[in-house]
Amino acid sequence: MNEKCQFNRGFKKVPTRPNFQEIDRKWQSIWKKNRLLFVTDDLRKNAEPWVFFDGPPGTNGRPHIGHMMQSALKDVWPRFWTMRGKRVIRRAGWDTHGLPVELTAEKELNIGTKREIESYGVQNYINYCRDTVFRYKSDWENAIRRIGREIHLEDAYATYQRPYIETGWWFLKRAWNTQLNQNGELYYGENEQNGFRRLLYRADRIMPYCCRCGTPLSNFEVSQGYKTTTDITLFVKFPLVNQQDTFFVAWTTTAWTLLSNMALAVGPEIEYVTLLLTQDSEVGKKGEKLIIAKERISSLEKFFPNYKIIETKLGKEWENTPYIPLWDWQTKQVRNVKQHIVVSDTYVSTEDGTGIVHLAPYGEDDLRILRKLSIQYFLAVNEDGIVEDFVPEFQKRYFKEVNEKGDCLLDIEILKNLLQKGLLLAKEKVDHEYPFCYRCDTPLMYFPRKGWFLRMSDLRERLLQANELIRWQPPHIKEGRFGNWLENVNDWNFTRERYWGSPLPIWSNKRVGDDEKFLCIGSFEELKRYSTTVLEDDFDLHKPGIDLVELKNPYTGELYYRENFVLDSWFDAGIMPWGQWGYPYFEGSIEKIDGVDKQYPADFICEAIDQTRGWFYTLLACSVIYHTSVEAENKTYPNKKKPLPFPSSFKNVICTELVLDEKGQKMSKSKGNVVDPLEQFEKWGADPVRWLFYSVNPWTVKRFSEDIIQEGIQQVLLPLWNAYVFFTTYAEADGWTLEKQSNDYSTLDAWILSRLTELIENVTNALENFDVARSAQAITFFLDELNNWYIRRSRRRFWKSENDIDQFAAFTTLHKVLVTVTKLMAPFAPHLSEEIYQGLTQSDPNQDITQSVHLAKWPETSDIGKRDLELERKQSLIRDIVTIGHNLRQSQNLRVRQPLLQMKVCHRTEDLNAIEEIEKNEHVICEELNLKRVTFHIHPNEVVTFQCKPNLKTLGPRFGNRLKEISIKIQNLNSEQIENALKTKSLQIEQETFSLDDLLISCNAENGWVARMEGDWIISIQTTLTEELLAEGFVRELVNRIQNARKISNFEVSDRIHIDLWFKDKSVSKLLNDPLIQYLKRETLAVSLDIHTNHNIQEYQEVSGYEVKWAVRKVESRRENV
RNA sequence: GGGCCUGUAGCUCAGUUGGUUAGAGCGCACGGCUGAUAACCGUGAGGUCACAAGUUCGAAUCUUGUCAGGCCCA
């Protein structure tokens, strides 16, 4: 035993049932008082690092049970690797910026629009946000502590702190300096290289925008405000240039966007037909030609009853065809001539409309195509929703102005205007889902807004390559959800037009067009250098202060003004590997020990699956950018080469799934089925709740059910505790101490130690592979074997007997097993493991915290010895035989307390080795099955006779009408022939060969016996009961009754008793001969026994068919008497 | 509409490159054990492995399709 034994005080019996909550509190306070985590850090100061990143949770709500699953899982591997000697820095972090915080603040301040925020005062608003941030922090800390997660909370990083923000600036400056050309070549430097473009750029992007609130909305906000509305949709005729009376027909659900029509889009491979109208109608005069997609004809025919198709062309053949704008002022608004032409793009479909799409800069795809083709555009409706003055027909109108009937007035007027010009083919009212502002119910407008982007699409290949280096659990995420996302990755718009966030460190000279220049600032020091005003060292980098900072180019003297954005809080999260240390500027406490280079990349992260597009993605994106920037630097400055970082900032990741309620429903406040984690910890204790999360794969959707918690207690935690109670009970009773060890192991000892070796292998292996459920299963299975075979079988060895050495060996074995198991369980059930481990090692963590199980060396197989597979196989043979024996007893209704004379055992292939092995364990079988003896036989005919029936299912198809004849032959086989067939596994009758499948073999025992063939074993048990056997059975029943009486009377296991017995039928006492009386007394620790013959008692109870009454009482305990 | 996942006993889930009769726990029924355990053990009942087709000597497992549920995205 390598555990340090502080002083040998002997073992103390422990309560039969553990109080999990009390154990939690006890150890949490000891760990805290003795600074376990700090001591751990100190001990592992020079050890090889194993890196864990804690994804920063947002602190704008209370932690729920799903977060607790995260905590439970995140806690396992740092503990495991610490025990294996690695240095694992465990530092918590908080995600403190972003919209959720602002929404909380807005709600509480009862403001909602940017204008309201401005009038409340941006500084006040920022202060308020900062205060809300830590509103829930203590709830989080309590929950994390309560579950027993070991992590530095007192030293948590927070994304709003200056060092973290500065890391973001450092990072963006690197992205700014990193430049790529079309061949994928890299350059690194402040000045833009010819033909290269920066990873960082500004562009327009379509945002859902509320023109009343003056705010773009996030996807989440948009999804809350969908409503069904009725809109007028128009089929509009766009006349072709130089082709009289020929029109493209496009369909739109937002008439007002026609004012900004820039182009028409067709699908390149879609077929378009030109229809000739052969009759005047509402849609047009006879002779007019209309171009629509061929597939749409059937749905549009209703508008033009008489037509013929005169031409069919593919979309791409129409490319670049010019058309006449709907209003002539439209041409004047842009300098570029390239507009009002047909373009082709694969996003066009023929599912609705005409297969021709009108493009205006109010849609994501529209803008993408316009930008791709360098088509300049103008906005006829501004961000306030007002039509610009250059539109003479509708100037100053609001785009969603409605009348009493709810019709949109602007749309109607546009309709009328087009009708007048003969450019309207048809109109339809359509119900569809349209997003409204969830705050003020204003219809949203998709509006192009400026924003800053990271050029992720150019880094797609690098992202995919980095992903190759990651091990995903479950594995399908890698190629599936995450891989697909990377394949289709778009540039990352990482800026927001909000207030509470890290500020974008970019300043602009605010000139128009190509003359606009930017300065990207990489640190506070750099900011001070360029600033026109003096910045104090405690200057807050947040808005609004930062907005007021003006920069001056020292060479040109030109002034620069801040780009008014804050950073996406996902960006904050993505730079966490560097941000948590304030890299490269900040020198803090832990990070001095070793910098970011050793704490990168993470060996392990673990978050919920919804992070695929969240933290998992931004972490990878940032690490790829960083990796690329270092590569670019090395290319540009070959003399100063830096080591290339790992392309991904994490190597292994577990994606956890949702935790549902007991019925499989999503937990939600409105349903009232939310489980409060703290309540659960108080109800069950931390370890039982933790175990729930380990027993099922974390990456499958799981239900939170108290039944399963209870199951874990019953199957794992209580069995472990019970084994511990057993050990301490007898160690105390017999004064066994660690000095009385013996390696003189019995077969059973060797067996359980061999099983223990396997357990170590399995648990270690599973944890190394991030497969927590497998390790939990292995532990569960082992504890069952320990309790229900090893301890049950060895019980008597722990009682005081003449053979001290064997008793010592038993104690030594059980002690070793328990110490090892508690170490293996320490990462899962830290409190219970510590409690038991301390009880077993007799150390005192209050004196020396380094004796904690969490600093123990992780068990290795070599600590125990080699696995003995042969021995394990033999033991399982015995258990098989016992099982068959139980089975046979049951079939004859012979309870185990009734002794039987004999069992015959035979192996049907005459496996002498197996038989010999069983023979050695005859006593075990006798005890388990309450038999007088077991005999072993080589020839089955000594045990049973065989009978055989044909298997008609297999023989039928083979023999057809010969079946009857064959069947008779088979039925007439004698026992020896069948036995022979069993041995050789085939049978020859005349010319036909039969396999064992063709025969339904059964066996019969002689009279007074019952037999069964199971697998290769043939077992027979004698069922005849003699007088002596019945008497013995009766006594064993009495023992049982008296033991129960002892228990009911709460006697100690070592208490000596006196027994009184009364029999209704006085002759019964004759059954009890002296050996049986002695047996009865020995088994019940009775020092005396009276059988009353002279009495008159009514309340008898039936035992084995006899009327009996019994009573017990305690007598002075004198152990040496027994 | 697209992508991914799931569907195995009444319930919760295992099932490892395709390979004997598909497993465990809970629950149920019956029986048993108890000088650690108000606990436990044994036995049994309970499965067309969602459905269909295909590949194969052989499919819960591989392929395709259908159905149902979930998640993400549009």
Side-chain angles (χ1 to χ4, degrees), chain A residues 13-18 219 223 347 349 351 364-365 474 476-485 487-488 608-614 655 657-658 660 662-664 666 692 695-697 699-703 705 707-708 710-716 718-731 733 771 773-774 777 780-781 784 787-789 791-792 795-796 798-800 814 879 882-898 927-930 996-997 1015 1036 1039-1040 1042-1044 1046-1048 1051-1057 1082-1086 1122:
Chain A
K13 189 181 171 186
V14 296
T16 52
R17 206 175 161 94
N219 284 337
S223 65
Y347 109 94
S349 80
E351 272 162 26
E364 208 169 325
D365 285 304
H476 62 79
I477 306 282
K478 178 182 199 151
E479 306 292 335
R481 192 177 282 203
F482 195 69
N484 289 341
W485 165 252
E487 298 271 1
N488 301 310
I609 181 115
D610 56 14
Q611 298 297 324
T612 18
R613 277 138 217 239
C655 309
E657 259 290 358
L658 236 56
L660 306 174
E662 204 142 3
K663 290 174 191 145
K666 228 180 197 175
L692 164 75
S695 56
V696 193
N697 265 336
W699 48 84
T700 53
V701 179
K702 78 170 61 109
R703 299 179 185 191
S705 126
D707 288 350
I708 298 181
Q710 222 156 359
E711 218 172 275
I713 294 177
Q714 268 172 32
Q715 269 175 58
V716 183
L718 273 188
L720 175 67
W721 184 261
N722 288 336
Y724 175 55
V725 173
F726 176 85
F727 174 82
T728 53
T729 305
Y730 289 103
D771 195 343
R774 229 171 246 277
Q777 267 166 23
T780 310
F781 191 75
D784 182 64
N787 278 299
N788 293 321
W789 192 251
I791 294 187
R792 191 157 61 81
R795 212 164 31 200
R796 284 165 194 269
F798 290 89
W799 306 349
K800 196 160 179 68
L814 184 55
R879 296 188 75 172
V882 171
T883 300
I884 299 169
H886 276 301
N887 212 329
L888 282 171
R889 288 192 82 111
Q890 169 110 11
S891 72
Q892 301 300 309
N893 273 330
L894 287 165
R895 53 178 188 266
V896 181
R897 278 194 210 110
Q898 175 58 58
E927 265 177 47
E928 287 288 316
L929 292 169
N930 199 8
L996 289 182
D997 283 345
R1036 289 196 59 153
V1039 169
N1040 167 251
I1042 289 164
Q1043 298 292 21
N1044 281 338
R1046 285 184 64 114
K1047 187 171 273 184
I1048 290 164
F1051 293 175
E1052 291 293 313
V1053 295
S1054 52
D1055 285 340
R1056 268 43 184 180
I1057 58 168
R1082 194 170 62 241
E1083 287 298 305
T1084 56
L1085 290 192
V1122 179

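Order of the sequence lines sets the chain letters (A, B, ...), proteins ahead of strands, with each chain counted from 1. What you see is a predicted model; the values in this text were computed from it and never measured.
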Quantified in whole Å, what is the C1' atom distance between nucleotide A52(B) and nucleotide C11(B)? 28 Å
Any idea which of U37(B), C73(B), C26(B) is nearest the Asn722(A) side chain? U37(B)
Please state the C1' separation for the pair U8(B) and A50(B) - nearest whole angstrom. 10 Å
5'-most by nearest nucleotide on RNA chain B - Arg774(A) or Phe726(A): Arg774(A)
Excluding sequence neighbours, so at least two apart, what forms side chain to side chain donor-acceptor pair (under 3.5 Å) with Trp789(A)? Gln875(A)
Think Asn788(A) has a side-chain N or O under 4.0 angstrom from the OP1 or OP2 of C41(B)? yes
Does Ile791(A) reach a base, just sugar-phosphate, or nothing at all? Heavy atoms under 4.0 Å. base
Just compare G25(B), C41(B), G3(B) and give me whichever is closest to any side-chain atom of Arg481(A). G3(B)
When you get a sec, tell me which of C26(B), C41(B), C73(B) is the closest nucleotide to the side chain of Arg613(A)? C73(B)
Options A14(B), C41(B), A39(B), nucleotide nearest the side-chain atoms of Arg17(A): A39(B)
Of the listed C26(B), C41(B), C5(B), the closest approach to the Glu711(A) side chain comes from C26(B)
Measure from the side chain of Asn484(A), starting at C-beta and using heavy atoms only, and say which of G3(B), U34(B), C40(B) lies closest. G3(B)
Which nucleotide wins on minimum distance to the side chain of Val696(A), given the candidates C4(B), A39(B), C13(B)? C13(B)
With nearest nucleotides of RNA chain B determined for Gln714(A) and Ile609(A) from heavy-atom distances, which residue corresponds to the more 5′ nucleotide? Gln714(A)
More than 12 heavy atoms of other residues, nucleotides or ligands under 6.0 Å from CZ of Arg17(A): yes or no? no
Pull out every protein N or O sitting under 3.5 Å from an N or O of nucleotides 60-63 of chain B, one pair per line with the distance.
none

From the candidates U34(B), C41(B), G3(B), the one with an atom nearest any side-chain atom of Arg795(A) is U34(B)
Using the P atoms only, state how far U6(B) lies from U16(B), rounded to an integer number of Å. 13 Å
Expected output check: what is the dot-bracket annotation of RNA chain B, where ( ) and [ ] are pairs inside the strand (brackets for crossing ones), | is paired with another strand, and pairs are Watson-Crick or G-U under 3.5 Å? (((((((..((((.....[...)))).(((((.......))))).....(((((..]....)))))))))))).
Taking the side chain of Ile708(A) as its heavy atoms from C-beta onward, which of C41(B), U37(B), U12(B) lies nearest to it? U12(B)
